[in-house]
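Computed from heavy atoms alone, side chains included, the values below leave out hydrogens, waters and symmetry copies. All values derive from a computational prediction rather than experimental measurement.
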Amino acid sequence: MQHRISISVRTLVEYVFRSGSLEPGFRSASSMVEGTRIHQKIQQRYKESDQKEVYLKTEIPYKELLLVVDGRCDGLLLTEDGTLVVEEIKSTAGPLDLLGEGREVHWAQALMYAYMIALEQGLTSMEVRLTYVQRGGEEERSLQRSVSMEELADFAADTVARYAPYAEMLLRHDITKEQSIRELGFPFPTYRKGQRHFAGAVYKAVSEGVNLFAQAPTGIGKTMSTLFPAIKAIGEGRAKGFFYLTAKTITRMAAEEALALLSARGLVLHVITLTAKDKACFREEGLCSSEHCPFAEGYYDRINEALLDMLGQETLMTREVIAGYAKKHEVCPFEFSLDAAYVCDAVICDYNYIYDPRISLKRLAEERKKDTVLLVDEAHNLVDRGREMFSAALQKAPFLGLQRQYKVSNSRLSAAAKAVNSFFIALRKLCNEEGQGWWNDFPEELPGLLENFAAEAELELIQPSMMLAADPEEGESSLLDTFYAVQGMLRTFKTYDERYVTYAEIRRGDVYLKLFNLDPSYLLRQMAKGFRSQILFSATLAPMSYYRDMIGAAEEDYSLIVASPFQKEQWEVSLLPLSTRYHDREASLLPLSEALHRMTGKPGNYLAFFPSYLYLQNVYDLFSERYPDIATLVQGSGMSEEAREDFLAAFRPDANQTLLGFAVLGGIFSEGVDLPGDRLNGVMVVGVGLPQLGLERNLLRAYFNRQGKNGFDYAYVYPGMCKVLQAGGRLIRTENDHGTIVLADDRFTQQPYHWLLPEEWRDYLIWQ
């Protein structure tokens, strides 16, 4: 029996023939478009008898494997004497003379196409042409070979033979995986109340290929409720894999723990966790290139062996596991994890890898997407994260700095930076007396200025000037940061529509310009297009209509609201009806301190959440002065992972004394944190969580008012109350938990705040 494996020509030859070092990809935002333009320019020269973008497909057997290989060759040309020529076109940013006789991987792609054509048409030989074009300079260089069918057949067979060990390893894994999923049972003795219904809805949505918006209360076991049915769907052939997407590291850990539990019950699944590049990197400082990093030098010469080793030995590939194999094989841990992610069954990662056009996994094939499920944890975060991903900003100061820095060593780059700096000088004059301005379109002259800057910066980054700076790394880093910021804005110009606004602000003497995405729903829907299903779940998707609107639900997408599995008696909810509005905060310090003292009357662990660090600090200072005998902890700004872990570890079970933690509403400890049982006995939420008044929020309010919606609710109330519900949700995590919640703000008695509270919180006692 032969096992069919579908693979593209490019994927096949890149696995076998990629070689050399990792080099930073200094590609301008328009480089993909530029590459397409270069292809089209050459193809326009083709004669009527020539063909372009020719789809090819063939089957190549090897032992028990049958590789179904397909792809599109750039050109199939017919010469005057009737000879067929396969042309592969490649664009490059670097000088053409550095390419020598062409890169092996590029020749391999062209030769594979030549083999497929010769086989299909019964030819005895083929002409193979590799054409390089330098981006920007438009210089061309063509290399050509005459290859016999015998040579092409040997080449194709050898290529498949070199790929086979990797394919056989993946095939063995697939057989074991499918058997393990068939035998896998739910890992707990029983489902919690509502959990089976939730899991069933996930399975139904995946099976039907539609999206599901699910609000499920904290403590129901949302992670397992989504993972288990998704895995079962894979076992039944309804999907082939999934991405578990999170906004924060702590929720990533919950997914890892759930999959480890399933693994202990017999599940065999290739699962990898992607970690941000700066956290994964072995080097504390220095540029990311073969010249500066031994893990980048020769990366492609060692990566295949590293992948075979790790994927052959491991199933759960966490940051620590990846680092171990990366050190063993001396490969970059970040790039290693990305290469592995493309073949793993499941990927745990940040939202960015799917939704952010700057970071998304570009090599993820459409064929794989349609069989892949997106499990989006804490999906309420996707609204503001979406706006952030689809917006872009620039400041004046870096361009002035680069203008001066490169004045002598690179006059063209200096002039390009000067032109952008001059634009910002003119923009400053358009701002009002408050130093602000906003427009419904972007400045028409800006794209051209930024494209010119990006082109010059790209050349400088590829071949740095001899007289760069006293500290080359510092100078190059400054240019690199500005280059990527410009890339982001050039990319955003292409998506800019009526859902955007452009605004400028004078900030500490500098001019700040932003293309601000007001409504991310359309682009979120576009970025998720092609995937089989999205399961968007959170404890706080209230009101559901708002989140369906802002994340881009289709009419056929399902909604589910799961009732709390816990009893009202598990909460003791009180309301402190005082004003925490900005102008009343000074007067609230003493009542809040007294209320905190009252809440912590019994020994135990408590958390109080505040709308800002300043407010938190002011209450803390007064409380610690009045009640020095009560142990306290304070969340700091920019806490390291170790400091966060120490903060949470202090909340020990069976405490015989009182500990009160002061934290920020909407911060790292207000969602995704699990402190079950006696690790947390009470929570106070100060304020209704409204975002700070400012230009961006007011632009949002005005936009949604124009759309016929309640702009204040969309811009302020719903995002604010989401923070309140998340913070309060830290308290009751299991059927045996009991605790106190104090809601400190008189607005909780008013609409819409009151009806946005969970039903089990609405029957509160009033504290006088």
Side-chain angles (χ1 to χ4, degrees), residues 247 380-397 424 427-428 430-442 485 488-489 492 496 498-521 546 550 579-586 588 609-618 637-638 664-668 670-671 685-707 709-724 726-727 745 747 752-753 756:
H380 60 274
N381 285 303
L382 199 52
V383 179
D384 280 341
R385 284 290 298 276
R387 286 198 184 103
E388 179 187 323
M389 292 171 195
F390 305 135
S391 299
L394 289 174
Q395 290 176 264
K396 174 183 177 297
F424 275 101
L427 183 66
R428 185 199 300 268
L430 297 177
C431 294
N432 60 25
E433 291 181 0
E434 288 76 39
Q436 298 177 339
W438 55 92
W439 306 270
N440 291 326
D441 206 345
F442 56 79
M489 187 156 281
T492 306
Y496 196 104
E498 69 277 4
R499 302 172 189 88
Y500 278 84
V501 68
T502 302
Y503 76 83
E505 279 190 302
I506 311 302
R507 297 182 177 179
R508 294 183 292 277
D510 199 5
V511 186
Y512 177 88
L513 176 71
K514 186 168 186 177
L515 309 183
F516 181 42
N517 180 264
L518 298 158
D519 178 359
S521 59
Y546 165 76
M550 297 311 301
S579 173
T580 68
R581 296 164 183 84
Y582 188 77
H583 57 271
D584 294 326
R585 287 183 179 176
E586 187 67 30
S588 72
F609 294 98
F610 294 84
S612 73
Y613 279 104
L614 179 60
Y615 200 6
L616 176 158
Q617 192 65 47
N618 289 340
S637 60
V664 176
L665 197 58
I668 52 175
S670 66
E671 63 177 83
V685 180
V686 179
V688 291
L690 301 187
Q692 187 175 348
L693 287 167
L695 178 58
E696 280 198 0
R697 286 287 152 181
N698 288 336
L699 289 170
L700 286 171
R701 177 170 62 180
Y703 171 79
F704 287 110
N705 280 336
R706 292 194 300 273
Q707 302 301 308
K709 301 177 173 71
N710 187 318
F712 185 74
D713 286 354
Y714 267 59
Y716 289 98
V717 175
Y718 298 153
M721 284 299 291
C722 180
K723 296 176 189 175
V724 170
Q726 281 290 327
D745 197 293
R747 285 170 286 187
Y753 306 99
L756 287 169

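With values rounded to the nearest 0.5 angstrom, L699 atom CG is found 14.5 Å from Y500 atom OH. Once rounded to the nearest 0.5 Å, the distance linking OH of Y503 with OH of Y512 reads 4.5 Å. The CD atom of Q707 sits 9.0 Å away from atom CG of L518, with the distance rounded to the nearest 0.5 Å. Taken to the nearest 0.5 Å, the SG atom of C722 stands 6.5 Å off from the CD atom of E671. With rounding to the nearest 0.5 Å, the separation of CD in Q726 from NZ in K723 is 11.5 Å. In this structure, CD on E498 lies 6.5 Å from OH on Y703, to the nearest 0.5 angstrom.
In this view, R585 satisfies the salt bridge (charged side-chain N to carboxylate O under 4.0 Å, His left out) rule with no residue, not counting sequence neighbours. Legend: residues meeting salt bridge (charged side-chain N to carboxylate O under 4.0 Å, His left out) with D584, ordered by chain and number and at least two apart, are absent. For N618, the side chain to side chain contact (heavy atoms under 4.5 Å, CB included) partners two or more places apart in sequence, or in a different chain, are L589, L614. In this structure, the side chain to side chain donor-acceptor pair (under 3.5 Å) partners of Q436, at least two apart in sequence or on a different chain, are E505. Every residue two or more places apart in sequence or in another chain that forms a side chain to side chain contact (heavy atoms under 4.5 Å, CB included) with S670 is listed here: F609, A727. Partners of S588 under the side chain to side chain donor-acceptor pair (under 3.5 Å) rule, at least two apart in sequence or in another chain, are Y615. In this structure D745 satisfies the salt bridge (charged side-chain N to carboxylate O under 4.0 Å, His left out) test together with R747, sequence neighbours excluded. Listed by chain and number, the residues in a side chain to side chain donor-acceptor pair (under 3.5 Å) with K396 are N421 (sequence neighbours excluded). Residues passing the side chain to side chain contact (heavy atoms under 4.5 Å, CB included) test with I668, sequence neighbours excluded: Q635, M639, R644. Every residue two or more places apart in sequence or in another chain was checked for a side chain to side chain donor-acceptor pair (under 3.5 Å) with Y753, and none qualifies. Every residue two or more places apart in sequence or in another chain was checked for a salt bridge (charged side-chain N to carboxylate O under 4.0 Å, His left out) with R428, and none qualifies.
Here the closest non-hydrogen pair linking N705 and N710 is OD1-C, 3.9 Å. Residues P752 and D713 share a closest heavy-atom pair of CG-OD1, 3.9 Å. The shortest non-hydrogen separation linking V717 to L690 is CA-CD2, 3.8 Å. Across P520 and M550, no two heavy atoms sit closer than the pair CD-CE, 3.6 Å. Heavy atoms only, all atoms of each residue included: S391 and N517 are closest at OG-N, 2.8 Å. Nearest heavy-atom pair across G689 and L665 is CA-CD2, 3.6 Å.
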L756/Y718 under side chain to side chain contact (heavy atoms under 4.5 Å, CB included): CA gap, chis, key distance, verdict: CA-CA 8 Å; L756 287 169; Y718 298 153; 3.9 Å; yes
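Note on ring orientation: taking the six-membered ring where Trp is involved, the planes of Y496 and F442 are perpendicular (angle over 60°, cut-offs 30° and 60°).
Among residues at least two apart or in separate chains, salt bridge (Lys or Arg N to Asp or Glu O under 4.0 Å) pairs with a member in residues 691-704 are D384-R697, K514-E696.
Within a 6.0 Å radius of CG in N432, other residues, nucleotides and ligands contribute more than 12 heavy atoms.
Put simply, the side chain of L693 reaches to within 4.5 Å of the side chain of Y716, judged on heavy atoms.
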